[in-house]
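Right, one structure below, let's go through it.
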2 protein chains.
Amino acid sequence: MKSTIPDTGVPITPPAGNGGDRQENRHEASLHGEILLRLRDYVVEGNIPEGARVPERRLCEMLGISRTPLREALKVLAAEGLIELLPNRGARVRQLSQRDLEELFDVMAGLESLAGRLACEAITDAEITAIEQLHYEMYGHYLHRDMHGYFQTNQRIHESIVAAARNETLKIAYANFAGRIRRVRYSANFARKRQRWAEAMREHESILDALRRRAGSELSDILFQHLRNKRTAAIEHLTEPQEDAPASA
Amino acid sequence: MKSTIPDTGVPITPPAGNGGDRQENRHEASLHGEILLRLRDYVVEGNIPEGARVPERRLCEMLGISRTPLREALKVLAAEGLIELLPNRGARVRQLSQRDLEELFDVMAGLESLAGRLACEAITDAEITAIEQLHYEMYGHYLHRDMHGYFQTNQRIHESIVAAARNETLKIAYANFAGRIRRVRYSANFARKRQRWAEAMREHESILDALRRRAGSELSDILFQHLRNKRTAAIEHLTEPQEDAPASA
DNA sequence: AGGACAAAGAATGAATGCAAAATAGCCAAC
DNA sequence: GTTGGCTATTTTGCATTCATTCTTTGTCCT
């Protein structure tokens, strides 16, 4: 047995009240809602080791609250799939198997594919221009081999497409699944292969092209395939890590 | 104001422990998990009027438990989008606006579209045969004008496609959204127009055809359009109700 | 008579308390 | 030296209790 995380395993570093509303309706008011937001970010950011046992009591001390609202928040996070609640044995950060990741990527692919299709129905020229702008910005990052900037801009592009779909329900679901994956992305930033990178740029150009033509069904296909390729790269990277550079912390 | 549901408004009829596991991981063990399953079914089946205020205390009596596990279950249901929690003002069954319904239908369409695409990658001949079987069965219901049987079989077909996608994550998400919509379907069974019915049958034949050919991207398009048409019919029906017959218990 | 204010009652939100289960710690036996 | 069982401590699950907020009702003033 590797270790059942020592008592000092979980650093006592409160996530410090987040600034903006993430996805939930309007939970900010009540204490359990506040806790929910903070704990979600805390988990998503990878502050708790995978599968680590986290005593409620410790979390209570960390957050300065009693167990009741904390337990309520935990139940919600479990429903969201971020953690799992073993009966009588507390909460653990959910371990995503490779299969889980594949499934998640596919669902994300489906949602983005849908977003693209819907976006074509309602997107304005201005929005397309904005995405083009982001695209060029991203291209710049690509040329400068600025991985971080690239990923950031890439994410903004995909979020813009989702936003253009004009579907709040979709947006929330998308954010939820994205959070589950980000949990992993924090520990291992993947998809850093050069070859894949160039490929992704080309795919992004097709995306823009289809978007300009409002070719919904076509864009749907491209987006799905794009995410599928991302998935493959990610899984490969996780299977045999350390491909480019650690660059953690 | 119609009424703030009188004290006797919510019938004291416990949903009586459900038989099978619906979607949650394995919450059946703990009390709050049991409560969660029962309450979810209870709400989905439409036992509580839309927007009705449901005092926790009444639910506690009905379920024979204290407020703590009930409140935990309510938080989860709120996260799932079935109910909403107004701060300091209790839980209400979520009212779905027309826009909400449109959004939900589109997301369902996206998920089924994805399911079809994935199914083409892995579905076996046996599974296709089984779906064909269901299709013929449904055609029988169609010929006999058996609305209930038709819908039941129709649902099984769509579930079979989702199952064939071999993606548990997708399946769970699908079940979640289906539950939100079913909540509405119980109060108003829609899509009963003759014309639409025949159209749906034709679409189902295209679905089968694409599935046989494992034409993923094509099936994806057909399924999306199929659900889109369903959506239109549903919204129309809700806008001008009483089209066919009330048929409410 | 109608509306506004105030106080009582009720309901929600959070904390504490208590019982049951699980973990670990320890001693004895093999 | 290791393994098995027993006890003590910790931790979870749920109930109960306390504080705050909302709702309602009654009264007073215009």
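The chains referred to below are lettered A, B, ... by the order of the sequence lines, with proteins before strands, and numbering in each begins at 1.
- Spacing between atom CG of A:Leu59 and atom C1' of D:dT12 amounts to 13 Å, rounded to whole angstrom units.
- Straight-line distance from the CZ atom of B:Arg57 to the C1' atom of D:dT16: 14 Å, rounded to whole Å.
- In this structure the side chain of B:Leu39 reaches within 4.5 angstrom of the side chain of B:Leu63, judged on heavy atoms.
- Rounding to the nearest 0.5 Å places CG of A:Leu134 at 5.0 Å from CZ of A:Arg156.
- Atom-to-atom, CG of A:Leu63 to C1' of C:dA14 comes out at 14 Å; the value is rounded to the nearest Å.
- One can place CD1 of A:Ile65 at 15 Å from P of C:dG13, the figure rounded to the nearest angstrom.
- Rounded to whole angstrom, the span from the CG atom of A:Leu85 across to the P atom of D:dT11 amounts to 16 Å.
- With salt bridges taken as basic N to acidic carboxylate O contacts below 4.0 Å, none links B:Arg94 and B:Glu84.
- Where B:Ser66 and A:Ala91 meet DNA chain D, the nucleotide closest to each residue was compared, and A:Ala91 sits on the side nearer the 5' end.
- A salt bridge between A:Arg166 and A:Glu127 is present, with a side-chain N of the basic residue lying under 4.0 Å from a carboxylate O of the acidic one.
- Rounding to whole angstrom units, CZ of residue B:Arg67 and P of C:dA14 are separated by 11 Å.
- A:Lys75 places its NZ atom 16 Å from the C1' atom of C:dG13, with the value rounded to the nearest Å.
- Going from atom CZ of A:Arg71 over to atom C1' of D:dT11 covers 10 Å, rounded to whole Å.
- For B:His32, no side-chain nitrogen or oxygen approaches OP1 or OP2 of D:dG13 to under 4.0 Å.
- B:Val107 is not listed as a side-chain neighbour of B:Glu103, based on a closest heavy-atom distance of 4.5 Å or more.
- Residue A:Thr68 places its side chain closer to C:dA14 than to any other of C:dA14, C:dG13, D:dT12.
- For A:Glu72, counting side-chain heavy atoms from C-beta on, the closest listed nucleotide (D:dC22, D:dC14, C:dA14) is C:dA14.
- The side chain of B:Leu31 lies closest to D:dA15, out of C:dT23, C:dG13, D:dA15.
- Comparing A:Pro69 and A:Arg89, the nucleotide of DNA chain C nearest to each residue sits closer to the 5' end for A:Pro69.
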